[in-house]
Each structure stands twice: as structure tokens, then as C-alpha cells.
Amino acid sequence: MAQLIAPNISFHSSWLEAAAEFAGARQDGAGADGWSLDELKDAQVFGRFVDALVKDALPETVRKPGFVPCTYLWIVDGGTFLGSLAIRHELTGYLLNEGGHIGYSVRPSARRRGHAAQALADALPVARSLGIERVLLTCDEDNAGSRATIEKTGGRYEDTRNGKRRYWINNP
């Protein structure tokens, strides 16, 4: 059964296999922007990547302008990396309009099995522990899978902005 865990270097080879499945497409919730896939093949670089993901949850961590503290979690089943999920601790203007509190992606070979919906449901208590009582989720207008996942998890559609459907989940 899939579960959410903190990023861990023991998933290095499985993470790389999953990243290859995305064939260069952006992995939402992965925190991999700015990291070269070729560089991440090196175990030491991957270790620094995992360390950076874990430290990004700390308010004192130095981050790029416009970025907020973020808790990264990995969706795994046994020794297999299935996907990523990011919980952004606060909303900037961009996140309010397009990004939301939570972003996630599931590797293509593991889709349509309920992993995203379960991960999202499992992430809500984590968001609550961070003080997020109303969770904003977004998805592209044409992403029927994400739309169904969000609605299945209790997301209430509010509106569409810049091609992004915006949903709220009450998380008291």
C-alpha cells in the first residue's frame, strides 16, 4: 500500500526511473526545478537534493525570492517511488491564483490507481498540522485526472484563473 514519506536517498534508483518516465515534463510537487536529471544520477548530488527538499520546510532556510517554506513528501510503495507531493506553507499572489497549497504528480506507470487521491487525503492532516485550515488546490483546465482527484478528496470548485481551475478543501 502506498504511503507518504519524507524524501529519502534510499529511493535514488527508483526516483530516477520515475523521472525518466516524465520524459522531460515538469513533475509538479517534486521540487526538482533547477536540478539537472543528469546531475541527479550522481549519488552525492542526489543526497544534496534530498537534503534541500527536507530543509525547505524550515522557515529559516534561504530560498529564492517569491518562494515559501514547503514540505516535500514522496509517494512510495515498498521500495518503489511513485510520485511527489508538496505542501506550500503559505500562499503568495501567484500561488493564490495558480499554484495552490498542494501540488503533486504520480509517475505515468502508476497513474489511474488512486495513488494521487490517497496521497492528497493523507497530506491533509499534515497541512492541518502546519495551520492550513483551508487548502487551495489547482489544476490545469484540461487535466481531467487531477480534477477528478481533487473533487474526490472534497475539493469545491471556486473559479478558473489563467487556465487553472481553483478548488478549496476545508481542513479544520
Any chance you could measure [X], atom [atom1], to [Y], atom [atom2], to the nearest 0.5 Å?
{"X": "Q118", "Y": "I75", "atom1": "CD", "atom2": "CD1", "value": "10.0 Å"}
{"X": "R128", "Y": "I87", "atom1": "CZ", "atom2": "CD1", "value": "11.0 Å"}
{"X": "T153", "Y": "Y167", "atom1": "OG1", "atom2": "OH", "value": "11.0 Å"}

Side-chain touch [X]/[Y], heavy atoms, less than 4.5 angstrom:
{"X": "R156", "Y": "I169", "result": "no"}
{"X": "H101", "Y": "L91", "result": "yes"}
{"X": "D51", "Y": "I9", "result": "no"}
{"X": "S13", "Y": "F81", "result": "no"}
{"X": "L16", "Y": "L37", "result": "yes"}
{"X": "C139", "Y": "I150", "result": "yes"}
{"X": "L130", "Y": "T71", "result": "yes"}
{"X": "P7", "Y": "F49", "result": "no"}

*Among Q27, R26, K64, which one satisfies side chain to side chain donor-acceptor pair (under 3.5 Å) with D33?*
R26

*Is a donor on one side and an acceptor on the other found under 3.5 Å between the side chain of D77 and the backbone of T80?*
no

_Test your reading of the model: is there a side-chain donor-acceptor pair from R107 to the backbone of S84, 3.5 Å cut-off?_
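No, the answer is negative, given that no donor and acceptor are paired below the 3.5 Å cut-off.
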
_Aromatic W168 / basic R134 pairing, under 6.0 angstrom, 45° off normal_ =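 Yes, R134 and W168 form such a contact.
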
*Answer yes or no for R165 and Y157: cation-pi contact, defined as NZ/CZ to six-membered ring centre under 6.0 Å and angle to ring axis within 45°.*
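Yes.
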
*State yes or no: do L136 and Y94 share one hydrophobic cluster built from I, L, V, M, F, W and Y residues joined by side-chain heavy-atom distances below 4.5 Å, directly or via other members?*
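Looking at the clustering, Y94 is in the same group as L136.
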
*asked:* Could you check whether F46 and W35 have their ring centres less than 6.0 Å apart?
replied: no

*Kindly write out the residues that satisfy ring-ring contact (aromatic ring centres under 6.0 Å, His included) with Y72, not counting sequence neighbours, or none if the list is empty.*
none

